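Beneath this line is the structure, given in structure tokens, with notes to follow.
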Amino acid sequence: MTGVETSEAVEAEQKTSLRVVVNGTAYERVVPVRRLLSDFLRHDLGLTGTHVGCEHGVCGCCTVLVDGRATRSCLTLACQVDGLSLTTIEGVKSADGGLHPVQQALSDCHGLQCGYCTPGFVISILEVLNSPDELDLSEEGVREMISGNLCRCTGYQGIVDAVRQAAVAMGRDGDAGKGAPA
Amino acid sequence: MKPSRFEYFAPESLAEAVALRDAHPGAAVLAGGQSLLPIMNFRLGRPEQVIDLRKASELAFVRVQNDVVEVGAMTRQRDLERDEGAARANPLIAESLRLVAHAVIRNRGTVGGSIAHADPAAELPALLSCLDGSVEVAGVRGRRRISAGELFVFHLTTSLEPNEVITSVSFPALEPSWGWSFLEVTRRHGDFALAGVCAALKLDGDRCVGQVRLAACGIGTTPVRLSTAEEALLSRPLTEKALREAGRAAAGYVTAGDETQASTAYRRQLVEALVRRSLLRAAARLERRTS
Ligand SMILES: Cc1cc2nc3c(=O)[nH]c(=O)nc-3n(C[C@H](O)[C@H](O)[C@H](O)COP(=O)(O)OP(=O)(O)OC[C@H]3O[C@@H](n4cnc5c(N)ncnc54)[C@H](O)[C@@H]3O)c2cc1C
Ligand code: FES
Ligand code: FES
């Protein structure tokens, strides 16, 4: 070895047994403790709708719901969600099994092109529209709401329109135009 | 990229966490992971052990008592932002938190993690400095309190001993007689600030500045208390002249070098403008709070 630090300081790969409920289905798996939640979902559970872009929290396309809260799966170890309940894009649908209002709105408003970023947008928007927090549906407010997700195709306008359409469909448009409290 | 191998511990109590920390000097404490995991994913850090505090539920609380908002280190940033008691006791806390990253990051990021990470561009360390807050830390030899002024040493460096853990962060309350403001300039919403200024202000009967606290983020190797700008304002009304002098004094604290994001000269201009805007906003709110 020529002074290059190896990562073999820890010789054996430690594994742990993990129980989670994802989209209503219970899973139990044994995984290395360093497994990222994003990789756990994609590789261990085969749920490849959760995308991976940057792996440092910036792009947002790996976002999933952990106990109802939008979470970067690339900045979460799988073992950190042991015992918790998750929703990924595969679990998002309307009551009748069709597209959820957020998905329908993105489709109607041309809020996607290649679709790589879309699962992350759907999850992030879903959390906000389902939260008890006051909504700011002004143009600026919606842009702030989606600022944690990057899209390289659409230029965002279609996504902004989709958030507003989805808010109406989900009965959250009563808050429309209200600014953030001063 | 993925983290390199490590040994993982999830202690169920603070005492257990502290013992593990003492036994493993090469370990990293994992709180929300929103700063640590990017570092590990890119292998900029390769801790041999990771001590995850998620099961130490005694570290997640918000307590408002004796004019202090005490926040457990593992309290998620988003939970503090939504806490009504904290908002009543000190509205500047939620205002600062709304500038931290994005809501999704704040869902997991913790208050203790942000303070321990000590990024000079981060908002919570600047808030703690502005308010003269403090942290409580625990080690194998017991607990001690460190004031904000003594905590932040350098870029990503605090005065914590390697075997200590932050247990809570204390933000002094702001009575209704105080006005407040946190403003910053970022390239994109949710980015770390190029510069930010946190202000709290109290006017006396003649509308002169009775007490004032100013701190900045993004301008040096630590959060910076803008003491000479504070002194320049004392016992004076917020006239153009006073604002200009305070802004200039504040600009003198910028030590960040020229970078692709911003030059030193630009950051000086930002701080000057932000001090002015923050003071005026704090004063306007004071008017509304007291009228
Ligand atoms: C895309 C993105 C944008 C961001 N933008 C901002 C921003 O604009 N402003 C901002 O302030 N932050 C920002 N952050 C950082 C975010 O606020 C982090 O949550 C925070 O810096 C660290 O908190 P954490 O709980 O995630 O800590 P972790 O990542 O778990 O830990 C961070 C460091 O602190 C140590 N540590 C954690 N808890 C303790 C403890 N109790 N005692 C001792 N040491 C401890 C860890 O060992 C580690 O070294 C951003 C992060 C991302 C991913
Ligand atoms: S892959 Fe997680 S935020 Fe980009
Ligand atoms: S649709 Fe292609 S990145 Fe958003």
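Worth saying up front: this structure is predicted, and the values here are computed from it rather than measured. Chain A is the first sequence line, chain B the second, and so forth, proteins listed ahead of strands; every chain is numbered from 1.
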Interchain contact, A/C79 with chain B, by part (heavy-atom threshold 4.5 Å): both

Using non-hydrogen atoms and a 4.5 Å limit, figure out which bit of B/R82 sits close to chain A: side chain, backbone, both or neither. side chain

With a 3.5 Å distance limit and no angle check, can you tell me whether B/N41 reaches the backbone of A/H56 through a side-chain donor-acceptor pair? no

Is it the case that over 12 heavy atoms from other parts of the model lie below 6.0 angstrom from the CZ atom of A/R29? yes

Heavy-atom pair of closest approach, residues A/S124 and B/V104: OG-CG2, 4.2 Å

How about A/E13: does its CD atom have over 12 heavy atoms from other parts shown lying under 6.0 Å from it? yes

The interface call for B/D52 against chain A, heavy-atom contacts under 4.5 Å, is side chain

What pair of heavy atoms forms the shortest contact from B/F6 to A/L77, and how long is it? CZ-CD1, 3.9 Å

So what's closer than 4.5 Å to chain B heavy atoms on A/S38: side chain, backbone, both or neither? neither

Which value, rounded to the nearest 0.5 Å, describes the distance between B/R188 atom CZ and A/L150 atom CG? 8.0 Å

Is the backbone N or O of A/L75 less than 3.5 Å from a side-chain atom of B/Q34, with the two atoms forming a donor-acceptor pair by type? yes

State whether B/D79 and A/R69 are salt-bridged, where the test is any N-O pair (Lys NZ or Arg NE/NH1/NH2 against Asp/Glu carboxylate O) under 4.0 Å. yes

At a 4.5 Å cut-off on heavy atoms, which part of B/L30 comes close to chain A: side chain, backbone, both, or neither? side chain

Of the non-hydrogen atoms in A/A70 and B/N107, which two are nearest, and what is the gap between them? O-ND2, 2.8 Å

Where the side chain of A/Q14 meets the backbone of B/Y8, is there a donor-acceptor pair that is under 3.5 Å apart? yes

Do other residues, nucleotides or ligands put more than 12 heavy atoms under 6.0 Å from A/H110 NE2? no

Given heavy-atom pairs under 4.5 angstrom as the criterion, report whether the side chain, backbone, both or neither of A/N149 touches chain B. neither

B/L37 and A/R72: CA distance, side-chain angles, deciding distance, side-chain contact (heavy atoms from CB on, under 4.5 Å) verdict: CA-CA 11 Å; B/L37 282 171; A/R72 295 286 200 250; over 6 Å; no

Is the number of heavy atoms from other residues, nucleotides or ligands under 6.0 Å of A/R19 CZ greater than 12? no

Of all of A/I123, A/T76, A/V128, which one pairs up most often with chain B through heavy atoms under 4.5 Å apart? A/T76

Do B/H189 and A/E140 have side chains that approach each other closer than 4.5 Å (heavy atoms only, starting at C-beta)? no

Does NZ in A/K15 sit with more than 12 non-hydrogen atoms of other residues, nucleotides or ligands closer than 6.0 Å? no

Among A/D39, A/T63, A/V58, which residue forms the greatest number of heavy-atom pairs with chain B at distances under 4.5 Å? A/D39

